[in-house]
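For reference, the structure is listed below as structure tokens.
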Amino acid sequence: PISWHKFEVLFNHFVELIAPVFLILPFIPRKVLHLAGLAQIIFQAVLIMTGNLSFLNWLTMVPAIFCFDDAFLQGMFTRPIVEAALIATLAYKPTTARTLSSYSFFALVMWLSIPVIKNLLSNRQLMNSSFDRLRLINTYGAFGVVAEDRDEWIIKSAAEADGEWKEYEFKVKPGSEDRAPRWITPYHYRLDWQMWIAATCQTIDRSPWMYRFLIKLLQRDTETLALLEKDPWEDEPEKPKYIRVDLYRYRFRKGRKSPFWQREFLGRVYPSEGVATIESLKTEVAYREPDRPI
């Protein structure tokens with residue numbers, strides 16, 4: 001419902017724009033700090049349940065844990081563990097060397113963060129960039145721009161260039177129009193993710209790993225095929241000799257019955273003309289990776 005989407009937007013703005021302020025300001029009341037931490041964890045848990053970005057959400061939870069003091073967390077542990085932690089806390093005495101190293105590390109991070117903060121306030125902000133030779137302090141973001149369309153690369157192979165072309169179905173990413181969206185969390189399907197990222201680049205040259213992947217598919221490499229939902233040639237007497245990559249635009253269909261997707265063919269990704277073979281793919285790899293064996 002539209003009302004739910006409006007609530008999601010407001011809650012998203014609160015968690016990302018207001019709650020983080022309470023995580024970093026000093027002298028925040030204890031209960032307010034707890035609420036700010038819980039808001040972050042609950043929000044990330046909702047994203048994890050949707051399978052959205054997966055591991056990034058788990059990592060984002062970690063800083064929120066520091067919002068909770070021992071008195072808040074001790075209810076989650078048994079009494080012996082709580083008592084052992086209390087004894088360790090009372091017995092701990094920081095050494096001079098540890099104190100000096102802590103302050104030195106703090107000063108180093110603050111100094112290296114100056115160009116990062118300047119970049120954050122800049123009108124021409126850089127993402128995923130480093131500002132020192134050792135790349136100790138960097139800027140990071142999952143995406144600079146979020147696309148409104150869902151474009152997917154569909155890999156097809158055939159035993160004959162003018163014969164039937166069979167599609168390779170991945171474990172979770174969109175493929176067949178009749179297959180319902182999959183529940184993927186909390187596991188991260190790296191190949192499916194990489195295929196999605198590659199499709200946003202529009203050209204295979206920006207994802208050179210694809211050449212070796214296509215070779216493995218034509219070779220029917222068992223470890224590679226195990227990463228897919230199913231080998232379309234598993235029960236066929238013929239084996240694929242030709243392969244290509246097509247571009248489709250996907251949209252959800254209304255309703256909960258098959259077909260779940262509506263897709264539109266946008267054109268050929270690779271090769272631009274004709275079909276690809278193991279030999280032509282090996283030529284591409286040799287050109288781009290002359291020092292690496294195929």
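Since this is a predicted model, take the numbers as computed values, not measurements.
- Nearest heavy-atom pair, G274 versus P271, reported as atom, atom and distance to 0.1 Å: O-CG, 3.5 Å.
- Placement of W153 and F213 within a single hydrophobic cluster is found when ILVMFWY residues are connected by side-chain heavy-atom separations under 4.5 Å, directly or transitively.
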Original post:
Does the side chain to side chain contact (heavy atoms under 4.5 Å, CB included) test come out yes or no for L228 and L217, once each step is laid out?
Top reply: CA-CA 10 Å; L228 306 181; L217 292 180; 3.8 Å; yes
**OP:** Decide yes or no on side chain to side chain contact (heavy atoms under 4.5 Å, CB included) for I48 and W58, but give the supporting numbers first.
**Re:** CA-CA 8 Å; I48 288 170; W58 289 103; 3.5 Å; yes
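- In K216, the NZ atom is not crowded: 12 or fewer heavy atoms of neighbouring residues, nucleotides or ligands sit closer than 6.0 Å.
- For NZ of K239, the number of neighbouring non-hydrogen atoms (other residues, nucleotides, ligands) closer than 6.0 Å is greater than 12.
- For the pair A45 and M61, the tightest heavy-atom approach, listed with the atom from each and the gap, is N-CE, 3.6 Å.
- When each of I154, D151, V269 is paired with Y248, the side chain to side chain contact (heavy atoms under 4.5 Å, CB included) condition holds for I154 and for no other.
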Subject >> Check against side chain to side chain contact (heavy atoms under 4.5 Å, CB included), F106 and S104 >> reply: CA-CA 5 Å; F106 173 77; S104 298; over 6 Å; no
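- Open room surrounds CG on D70; 12 or fewer heavy atoms of other groups in view lie less than 6.0 Å from it.
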Original post:
Between E8 and K6, is a salt bridge (charged side-chain N to carboxylate O under 4.0 Å, His left out) present by the stated rule, with each step listed?
Top reply: CA-CA 5 Å; E8 286 182 314; K6 290 182 178 179; over 6 Å; no
**OP:** Begin with the C-alpha distance, continue with both residues' side-chain angles, and end with the deciding distance and a verdict on side chain to side chain contact (heavy atoms under 4.5 Å, CB included) for D205 and Y211.
**Re:** CA-CA 9 Å; D205 289 335; Y211 294 113; 2.6 Å; yes
For residues 90-97, which side-chain N or O atoms pair as donor and acceptor with protein atoms under 3.5 Å away, sequence neighbours left out?
from	atom 1	to	atom 2	distance (Å)
Y92	OH	R98	NE	2.9
T95	OG1	R98	N	3.2

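- Atom CD of E238 has 12 or fewer heavy atoms from other residues, nucleotides or ligands within 6.0 Å.
- Checked by atom type and distance alone, the side chain of S113 pairs as donor or acceptor with a backbone atom of V109 at under 3.5 Å.
- If you chain together hydrophobic residues whose side chains sit under 4.5 Å apart, W209 and L214 fall into the same group.
- Formation of a donor-acceptor pair under 3.5 Å by the W196 side chain with backbone atoms of E152 is not found in this model.
- The number of heavy atoms from other shown groups lying within 6.0 Å of CH2 (W111) does not exceed 12.
- K171 contributes atom NZ, which lies 7.5 Å from atom CG of L227 (distance to the nearest 0.5 angstrom).
- Partner of L33 under the side chain to side chain contact (heavy atoms under 4.5 Å, CB included) criterion, out of I28, L38, L25: I28 alone.
- V116 and I114 end up in the same hydrophobic cluster when Ile, Leu, Val, Met, Phe, Trp and Tyr side chains are linked at under 4.5 Å.
- M195 contributes atom CE, which lies 11.5 Å from atom OG1 of T200 (distance to the nearest 0.5 angstrom).
- Among pairs with a residue in residues 15-42, those fulfilling ring pair (Phe, Tyr, Trp, His ring centres under 6.0 Å) read H34-F68, H34-F72, at least two apart in sequence or across chains.
- Counting all heavy atoms, side chain and backbone alike, R150 lies closest to P174 at NH2-CD, 3.5 Å.
- Listed here is the closest heavy atom pair of Q74 and A71: CG-O, 3.5 Å.
- For the pair R244 and W165, the cation-pi criterion (under 6.0 Å, within 45° of the ring axis) is fulfilled.
- Remark: the backbone N or O of S129 is paired with a side-chain donor or acceptor of T139 at under 3.5 angstrom.
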**OP:** Report the C-alpha separation of R288 and E284 in whole Å, then their side-chain angles, then the decisive distance to 0.1 Å, and conclude whether the salt bridge (charged side-chain N to carboxylate O under 4.0 Å, His left out) test is met.
**Re:** CA-CA 6 Å; R288 288 168 175 77; E284 296 277 9; 2.4 Å; yes
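- In terms of hydrophobic clustering, with Ile, Leu, Val, Met, Phe, Trp and Tyr side chains grouped at heavy-atom distances under 4.5 Å, F105 and L100 are assigned to different clusters.
- The CG atom of D231 lies 10.0 Å from the NZ atom of K166; values are rounded to the nearest 0.5 Å.
- The two atoms that bring P181 and F252 nearest to each other are CG-CE2, 3.5 Å, heavy atoms only.
- At least one donor-acceptor pair under 3.5 Å links the side chain of Q40 to the backbone N or O of V15.
- Summarising the local packing, CZ of R268 is surrounded by more than 12 heavy atoms from other residues, nucleotides or ligands at distances under 6.0 Å.
- Heavy-atom contacts from other residues, nucleotides or ligands closer than 6.0 Å to CZ of F265 number more than 12.
- The backbone N or O of D178 lies less than 3.5 Å from a partner atom in the side chain of S176, making a donor-acceptor pair.
- Judged purely by distance below 3.5 Å, without hydrogens or angles, the side chains of Y242 and D162 never pair a donor atom with an acceptor atom.
- Looking at W233 and S157, their side chains do bring a donor and an acceptor atom within 3.5 Å of each other.
- Note: the hydrophobic cluster containing M210 also contains L191 (ILVMFWY, side chain heavy atoms under 4.5 Å, direct or indirect links).
- When all heavy atoms of I41 and A64 are compared, the pair lying nearest together is CG1-CB, 3.8 Å.
- In this structure, F170 has its ring center no closer than 6.0 Å to that of Y189.
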**OP:** Please step through salt bridge (charged side-chain N to carboxylate O under 4.0 Å, His left out) for the pair E177 and R253, ending with a clear verdict.
**Re:** CA-CA 10 Å; E177 296 170 285; R253 292 177 63 93; over 6 Å; no
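- A distance-only check finds a donor-acceptor pair linking the side chain of D192 to the backbone of K173 [under 3.5 Å].
- Side-chain N or O atoms of S207 include none that pairs as donor or acceptor with a backbone N or O of I204 at under 3.5 Å.
- No donor-acceptor distance shorter than 3.5 angstrom exists from the side chain of S122 to the backbone of K118, with no hydrogens or angles considered.
- The environment of NZ in K156 is crowded: more than 12 heavy-atom neighbours from other residues, nucleotides or ligands sit within 6.0 Å.
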